[in-house]
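All ligand and atom numbering here is 1-based and tracks the order in the structure. When reading the values below, keep in mind they use all heavy atoms of this one structure, side chains included, and skip hydrogens, waters and symmetry mates.
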Amino acid sequence: MLDKTIIEKLEMLVGKENVLTSKVDMVAYSYDATADMPHQLPDVVVMPTSSEMVQQIVHLARANKIAIYPRGAGSNLSGGTIPLKKGIVLSFQRMNKILDIDPANLTAVVQPGVVIAALNSAVAEFGLIYPPDPGTVATATMGGSAAENSGGLRGLKYGVTKNYIMGMEVVLANGEKVRFGGKTVKNVTAYDFSNLFVGSEGTLGITTELTCKLIPAPKYRRTMIGIFSTLEDAGNAVAGIIAAQVIPATLEIMDNKTIRTVEAFANIGLPVEAKAMLLCEVDGMSQDLIATEAEAVIEVFKKNNCEYKTANSDVERDQLWAARRNALPALASLNNTCIVEDATVPRSRITEMLVACEKIATKHNVTIGTFGHAGDGNLHPTILYDMYDKAETARVHEAIDEIFATALALDGTLSGEHGIGMAKMKYLGNELGQSGLNLMKCIKESLDPEYMLNPGKMVPLKEV
Ligand SMILES: Cc1cc2nc3c(=O)[nH]c(=O)nc-3n(C[C@H](O)[C@H](O)[C@H](O)COP(=O)(O)OP(=O)(O)OC[C@H]3O[C@@H](n4cnc5c(N)ncnc54)[C@H](O)[C@@H]3O)c2cc1C
């Protein structure tokens with residue numbers, strides 16, 4: 001419980017209307033979108049409206065040894081915003097202005113609370129897009145998605161958030177404000193600070209402004225689905241499309257469990273006997289080029305024994321996309337708890353990973369539907385269970401341990417896009433080794449020696 005005088009000082013710094021303390025509000029900020037995580041009430045939620053306010057809050061927190069938990073929309077899937085050590089939740093919902101759109105430099109400057117979809121709506125009138133598109137574009141913020149280094153459906157061709165952050169303003173744990181990068185396409189001045197802070201999950205500094213790269217919106221697209229009777233054929237088709245030198249904007253996969261569940265949920269005529277479905281979309285500026293790419297994709301589909309369908313209109317495209325859009329809501333409706341993992345493997349090993357997920361589900365007697373960004377090797381094994389059933393919960397945790405062990409054994413990684421947060425901290429040493437953990441600790445402690453920023457996330461808490 002924070003001293004009343006601290007709350008009063010916070011109210012003086014940001015205005016009473018930007019400080020929340022009621023029990024109801026604290027409950028609302030005690031959890032995020034991650035299932036199976038402990039909930040913790042913060043002491044206070046503060047909503048600054050300027051970077052100067054953020055600096056002053058940091059100074060106050062530092063002087064009084066109070067933890068700060070930065071928060072965007074709370075849509076992360078790794079427990080990244082849970083205020084484990086209570087203290088201050090620093091919510092960016094009122095720092096949500098688009099400060100500049102510059103079509104000549106193909107850049108935008110935004111405050112961290114800007115929602116990704118709002119940026120895309122604003123730049124659309126210039127014929128531009130900001131490509132990173134996590135499934136939560138309509139709610140996730142630029143600050144939160146930069147701190148997670150979010151990916152999404154278009155990652156294969158267009159990359160992830162780190163490829164689009166050109167500069168930042170960050171408030172450090174000592175209260176200093178630092179600016180780096182900017183509108184220049186080239187910038188090799190000093191260390192690559194953007195790549196240090198992007199993906200740092202609020203543990204190294206607090207982002208108060210972002211300069212991001214925009215690109216011209218693709219004019220044409222073609223969408224296809226392939227329906228496969230073996231996982232091997234689907235996996236080979238993924239590799240075959242890339243080997244044919246086509247880089248689709250989207251190349252998504254759904255396994256049989258997901259197909260069946262979506263069909264039961266949405267009744268859209270999916271082939272429930274299929275072992276896997278691929279959804280592939282090519283896009284670009286030239287109609288001829290995307291026609292050629294679409295033909296190449298179909299050739300690969302044919303060679304890999306699949307039935308395929310191409311959308312001939314936007315309505316048909318929406319129908320093809322409906323299956324993928326419904327994947328998570330359909331799976332989530334199966335039980336009271338839904339854990340979405342993002343174990344990621346080199347794309348050449350996607351078949352092995354899909355087969356392993358099926359075997360792990362059978363071995364531990366748990367329900368797993370797997371879908372995801374096949375072109376990136378980024379799968380979302382999604383585990384559905386009853387959290388009130390202790391025996392089932394224990395089996396789920398064993399299955400998750402095995403999913404990550406398998407991804408690492410296949411030369412993969414613990415996270416393709418959801419980050420580490422609290423959820424995957426215990427596995428970090430398996431990927432990085434002790435020397436990697438030491439390096440993380442060294443970076444954390446040089447920037448935040450008191451573990452004031454998002455303590456308990458990514459880097460284990462300091463032993464005292
Ligand atoms: C249904 C669903 C689908 C999803 N699909 C995808 C997907 O396809 N791809 C993908 O990559 N992710 C996906 N996600 C995860 C999530 O949407 C992304 O990580 C999202 O971009 C997080 O944004 P946010 O504003 O909610 O951040 P939050 O959850 O609020 O915060 C995320 C992290 O950023 C830190 N943070 C927030 N703001 C700041 C700041 N200003 N400065 C410093 N640190 C800050 C927080 O402390 C936390 O560690 C999905 C989540 C859900 C629930």
**Q** Under 3.5 Å, is there a donor-acceptor pair linking the side chains of E169 and S51?
**A**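 Indeed, the side chains of E169 and S51 share at least one donor-acceptor pair under 3.5 Å.
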
**Q** Could you tell me whether a side-chain N or O of D448 sits under 3.5 Å from a main-chain N or O of M452, the two making a donor and an acceptor?
**A**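 Answer holds: yes.
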
**Q** Please say whether the positively charged group of K275, taken as NZ for Lys or CZ for Arg, lies over the ring of F228, i.e. under 6.0 angstrom from the six-membered ring centre and within 45 degrees of the axis.
**A**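 No, cation not above the ring by the 6.0 Å, 45° rule.
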
**Q** Assess whether atom NZ of K177 is packed by more than 12 heavy atoms of other residues, nucleotides or ligands within 6.0 Å.
**A** yes

**Q** Can we say K424 and D342 salt-bridge, meaning some charged N sits less than 4.0 Å from an Asp/Glu carboxylate O?
**A** yes

**Q** Ring-plane angle category for H397 and Y385, please: parallel below 30°, perpendicular beyond 60°, tilted otherwise.
**A**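 Plane angle over 60°, so perpendicular.
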
**Q** CZ of F265: more than 12 outside heavy atoms within 6.0 angstrom?
**A** yes

**Q** Tell me the nearest of K457, E417, E201, R154 to atom 9 (N) of ligand 1, using heavy-atom distances.
**A** E417

**Q** Side chains of N174 and R62: do they bring a donor and an acceptor to under 3.5 Å?
**A**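 Side chains of N174 and R62: no pair found under 3.5 Å.
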
**Q** Return the residue, atom name and 0.1 Å-rounded distance of the protein heavy atom closest to atom 17 (O) of ligand 1.
**A** T136 OG1, 2.4 Å

**Q** List the steps, then state whether salt bridge (Lys or Arg N to Asp or Glu O under 4.0 Å) holds for R260 with E263.
**A** CA-CA 5 Å; R260 282 179 185 275; E263 184 52 23; over 6 Å; no

**Q** Knowing that exactly one of K157, R317, R222 qualifies, which makes a salt bridge (Lys or Arg N to Asp or Glu O under 4.0 Å) with E281?
**A** R317

**Q** What protein heavy atom sits nearest atom 46 (C) of ligand 1, and how far away is it?
**A** P70 O, 3.2 Å

**Q** Test of understanding: given a 4.0 Å heavy-atom threshold, classify the contact between E148 and ligand 1 as side chain, backbone, both, or neither.
**A** side chain

**Q** Heavy-atom contacts under 4.0 Å between H418 and ligand 1: side chain, backbone, both, or neither?
**A**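 H418 to ligand 1: side-chain contact only, backbone stays beyond 4.0 Å.
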
**Q** What residue and heavy atom of the protein are closest to atom 35 (C) of ligand 1, and at what distance?
**A**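 Ranked first by proximity to atom 35 (C) of ligand 1 is A147 CB, 3.5 Å.
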
**Q** Is the shortest distance from a heavy atom of G205 to ligand 1 less than 4.0 Å?
**A** yes

**Q** Give the ring-plane orientation class for Y130 versus Y164, where under 30° counts as parallel, over 60° as perpendicular and anything between as tilted.
**A** perpendicular

**Q** Please confirm whether R71 approaches ligand 1 to less than 4.0 Å, judged on its heavy atoms.
**A** yes

**Q** Please could you name the atoms of ligand 1 that G152 approaches to less than 4.0 Å, counting only its heavy atoms?
**A** 8 (O), 9 (N)

**Q** How far is atom 51 (C) of ligand 1 from the closest protein heavy atom, and which atom is that?
**A** S75 O, 3.2 Å

**Q** With atoms numbered from 1 as shown, which atoms in ligand 1 lie under 4.0 angstrom from a non-hydrogen atom of L328?
**A**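 What qualifies from ligand 1 is 1 (C).
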
**Q** Counting each atom of ligand 1 from 1 as listed, which ones have a heavy atom of N454 under 4.0 Å away?
**A**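 Counting atoms of ligand 1 from 1, those under 4.0 Å from N454 are 47 (O), 49 (O).
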
**Q** Atoms of ligand 1 less than 4.0 Å from S145 heavy atoms?
**A**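 The atoms of ligand 1 under 4.0 Å from a heavy atom of S145 are 21 (O), 23 (O).
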
**Q** Students should be able to answer this: which protein heavy-atom is nearest to atom 42 (N) of ligand 1, and at what distance?
**A** T207 N, 2.9 Å

**Q** Report yes or no: does F92 have a heavy atom closer than 4.0 Å to ligand 1?
**A** yes

**Q** Does the cation-pi check pass for K444 over Y451, that is, NZ or CZ under 6.0 Å from the six-membered ring centre and within 45° of its axis?
**A**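 Yes.
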
**Q** Report yes if the distance between the aromatic ring centroids of F180 and F197 is under 6.0 Å, otherwise no.
**A**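 Yes.
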
**Q** Checking a contact table here: which protein heavy atom is nearest atom 31 (O) of ligand 1, and how many Å away?
**A**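 Minimum-distance protein heavy atom for atom 31 (O) of ligand 1 reads T81 CG2, 3.5 Å.
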
**Q** Identify, by atom number and element, the atoms of ligand 1 in contact range of G144, meaning under 4.0 Å from any of its heavy atoms.
**A** 23 (O), 24 (P), 25 (O), 27 (O), 32 (C), 34 (O), 37 (C), 38 (N)

**Q** Has E176 got more than 12 heavy atoms of other residues, nucleotides or ligands less than 6.0 Å from its CD?
**A**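 No - once you tally the heavy atoms of other residues, nucleotides and ligands closer than 6.0 Å, there are 12 at most.
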
**Q** Against heavy atoms of P112, which atoms of ligand 1 measure under 4.0 Å?
**A**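 By the 4.0 Å cutoff, the relevant atoms are 41 (N).
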
**Q** Give the atom numbers and elements of ligand 1 that come within less than 4.0 Å of a heavy atom of S150.
**A**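 Those qualifying, in numeric order: 11 (O), 18 (C), 19 (O), 20 (C), 21 (O).
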
**Q** Within a reach of under 6.0 Å around NZ of K183, are more than 12 heavy atoms found that belong to other residues, nucleotides or ligands?
**A** yes

**Q** Could you tell me, atom by atom, which parts of ligand 1 come under 4.0 Å of a heavy atom of G72?
**A** 25 (O), 28 (P), 30 (O), 37 (C), 38 (N)

**Q** N/O of G135 under 3.5 Å from N/O of ligand 1, yes or no?
**A**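 N/O-N/O distance below 3.5 Å exists for this pair.
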
**Q** Could you identify the single nearest non-hydrogen protein atom to atom 44 (N) of ligand 1 and state the distance to 0.1 Å?
**A** G202 CA, 3.3 Å

**Q** Any nitrogen or oxygen of I206, main chain or side chain, under 3.5 Å from a nitrogen or oxygen of ligand 1?
**A**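 N/O-N/O distance below 3.5 Å does not exist for this pair.
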
**Q** Give the single entry among G151, S200, P134 that approaches atom 11 (O) of ligand 1 most closely by any heavy atom.
**A**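 Looking at heavy atoms only, the winner is G151.
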
**Q** Starting from atom 14 (N) of ligand 1, locate the nearest protein heavy atom and write down its residue, its atom name and how far away it is, to 0.1 Å.
**A** L77 CD1, 4.0 Å

**Q** Which part of N76 is near ligand 1, with near meaning a heavy atom under 4.0 Å away: side chain, backbone, both or neither?
**A**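 The answer is both, backbone and side chain.
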
